[in-house]
Amino acid sequence: MCIRDSYRSSEKEGPYSLIARLVITDSFFVDLGVSLYQRYYYYIEAVTDEGLKSDPSDTLDYKLIKKATGLDPVGKASNPRPVFSWENPDPYAAPCYIIRLIEAASGRYIWLHVVPSHYNKRESVDFNIDGSAVLDSLAKGVDYQWRVDIRGPEEHCGSESNWVAFRVQ
């Protein structure tokens with residue numbers, strides 16, 4: 001069984017610490033030991049059953065910022081073309097947002113839309129304002145989920161809100 005060792009550092013040149021040992025079939029790892037506004041650097045190495053290690057992968061970096069909260073709609077929506085709104089705890093740190101809307105049962109993407117920031121504490125966008133959604137309006141009685149990704153002011157910087165569910169009544 002092949003293993004992947006994951007390493008992290010807060011400095012590009014290191015030192016790096018082993019933060020996870022994952023079975024090669026694992027497709028992702030969530031690093032829960034990070035602080036907001038701190039850039040981290042990561043690489044992985046494959047390890048054979050005999051303990052032989054591969055060369056390190058390329059190094060990737062990311063800085064996590066505060067995520068959007070107060071997402072609406074949540075629970076119920078009365079309009080099949082709802083207005084999505086959210087609160088950004090740090091509006092000056094968000095040049096844009098990415099709205100992700102899926103059908104809850106299938107996970108099928110309904111709409112993916114980039115929203116330029118107005119640098120307000122509360123932001124909003126009308127459903128399918130750009131005409132790119134796979135549905136012109138949302139079906140009544142169907143469960144949907146949506147979230148807001150914040151793209152931060154620096155490269156490889158941002159956050160994802162929690163998914164929230166709603167149903168058009």
Side-chain angles (χ1 to χ4, degrees), residues 1-72 74 84-123 125 130 132-134 144-165:
M1 175 185 317
C2 237
I3 301 291
R4 268 192 311 225
D5 285 347
S6 299
Y7 295 88
R8 176 185 71 210
S9 175
S10 58
E11 300 293 329
K12 187 172 185 171
E13 301 306 319
Y16 284 82
S17 301
L18 178 66
I19 58 168
R21 179 161 271 180
L22 306 167
V23 176
I24 204 82
T25 57
D26 292 335
S27 59
F28 68 92
F29 166 73
V30 177
D31 186 0
L32 299 175
V34 298
S35 299
L36 291 174
Y37 305 108
Q38 169 67 52
R39 185 163 300 277
Y40 292 97
Y41 300 85
Y42 299 89
Y43 73 85
I44 59 174
E45 292 176 335
V47 182
T48 67
D49 290 340
E50 294 77 29
L52 299 173
K53 289 188 171 196
S54 70
D55 289 336
S57 69
D58 289 342
T59 301
L60 303 175
D61 65 284
Y62 200 78
K63 181 193 283 190
L64 188 64
I65 61 175
K66 288 183 180 178
K67 61 186 172 183
T69 59
L71 279 67
D72 183 44
V74 60
F84 295 95
S85 67
W86 61 94
E87 229 173 82
N88 181 357
D90 186 3
Y92 297 105
C96 72
Y97 307 94
I98 302 167
I99 308 304
R100 298 177 189 274
L101 173 64
I102 62 172
E103 186 179 74
S106 67
R108 174 178 74 124
Y109 266 88
I110 304 299
W111 192 41
L112 182 66
H113 180 62
V114 176
V115 180
S117 178
H118 293 100
Y119 299 99
N120 296 322
K121 186 146 179 84
R122 186 120 194 121
E123 299 271 359
V125 65
D130 62 345
S132 68
V134 298
Y144 298 97
Q145 291 181 315
W146 77 287
R147 80 170 195 221
V148 177
D149 297 350
I150 298 176
R151 189 180 311 160
E154 304 167 37
E155 206 168 313
H156 308 135
C157 173
S159 63
E160 301 171 352
S161 74
N162 296 330
W163 287 97
V164 296

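Residue numbers run from 1 in the order of the sequence given. Since this is a predicted model, take the numbers as computed values, not measurements.
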So does [X] have more than 12 non-hydrogen atoms from other groups sitting under 6.0 Å from [atom1]?
{"X": "Asn120", "atom1": "CG", "value": "yes"}
{"X": "Glu155", "atom1": "CD", "value": "no"}
{"X": "Lys121", "atom1": "NZ", "value": "yes"}

How many angstroms lie between atom [atom1] of [X] and atom [atom2] of [Y], to the nearest 0.5 angstrom?
{"X": "Thr59", "Y": "Ile44", "atom1": "OG1", "atom2": "CD1", "value": "10.5 Å"}
{"X": "Ile150", "Y": "Cys157", "atom1": "CD1", "atom2": "SG", "value": "9.5 Å"}
{"X": "Ser117", "Y": "Tyr97", "atom1": "OG", "atom2": "OH", "value": "3.5 Å"}
{"X": "Ile3", "Y": "Asp49", "atom1": "CD1", "atom2": "CG", "value": "7.5 Å"}
{"X": "Asn162", "Y": "Gln145", "atom1": "CG", "atom2": "CD", "value": "11.0 Å"}

Inset, instruction - Measure across Gly14 and Ser9 and return the closest heavy-atom pair with its distance rounded to 0.1 Å. - result: CA-OG, 3.5 Å
State which residues pass side-chain contact (heavy atoms from CB on, under 4.5 Å) with [X]; sequence neighbours excluded, sorted by chain then number.
{"X": "Val134", "result": "Arg108, Ile110"}
{"X": "Ile98", "result": "Arg100, Leu112, Val114, Asp149, Arg151"}
{"X": "Ser85", "result": "Asp72, Arg122, Ser124"}
{"X": "Tyr37", "result": "Ile65, Lys66, Asp90"}

Given 3.5 Å as the limit, does a donor-acceptor pair link the side chain of [X] with the main chain of [Y], or not?
{"X": "Ser6", "Y": "Ile19", "value": "no"}
{"X": "Ser161", "Y": "Ala68", "value": "no"}
{"X": "Tyr62", "Y": "Gly158", "value": "yes"}

Inset, instruction - Just jot down the salt bridge (charged side-chain N to carboxylate O under 4.0 Å, His left out) partners of Lys63, sequence neighbours excluded, or say none. - result: Glu154
Inset, instruction - Check salt bridge (charged side-chain N to carboxylate O under 4.0 Å, His left out) between Glu123 and all other residues, then give those that pass, not counting sequence neighbours. - result: none
Within a strict 4.5 Å, meaning less than it, do heavy atoms of the [X] and [Y] side chains meet?
{"X": "Tyr119", "Y": "Pro95", "result": "yes"}
{"X": "Leu101", "Y": "His113", "result": "no"}
{"X": "Tyr40", "Y": "Leu64", "result": "no"}
{"X": "Trp146", "Y": "Val164", "result": "yes"}
{"X": "Tyr42", "Y": "Asp31", "result": "yes"}
{"X": "Glu160", "Y": "Lys67", "result": "no"}
{"X": "Arg39", "Y": "His156", "result": "yes"}

Can you list everything that forms a side chain to side chain donor-acceptor pair (under 3.5 Å) with [X]? Sequence neighbours excluded, please.
{"X": "Tyr144", "value": "none"}
{"X": "Glu13", "value": "none"}
{"X": "Tyr41", "value": "none"}
{"X": "Ser106", "value": "Glu103"}

Legend entry - Residues which pass ring pair (Phe, Tyr, Trp, His ring centres under 6.0 Å) with Tyr43, listed by chain and number, not counting sequence neighbours: Tyr7, Tyr16
Inset, instruction - Show the numbers, then the answer: is there a side chain to side chain contact (heavy atoms under 4.5 Å, CB included) between Trp86 and Ile99? - result: CA-CA 10 Å; Trp86 61 94; Ile99 308 304; 3.7 Å; yes
Inset, instruction - In sequence, state the C-alpha distance, the side-chain angles, and the governing distance for Asp130 and Trp111, and then conclude on side chain to side chain contact (heavy atoms under 4.5 Å, CB included). - result: CA-CA 10 Å; Asp130 62 345; Trp111 192 41; 3.0 Å; yes
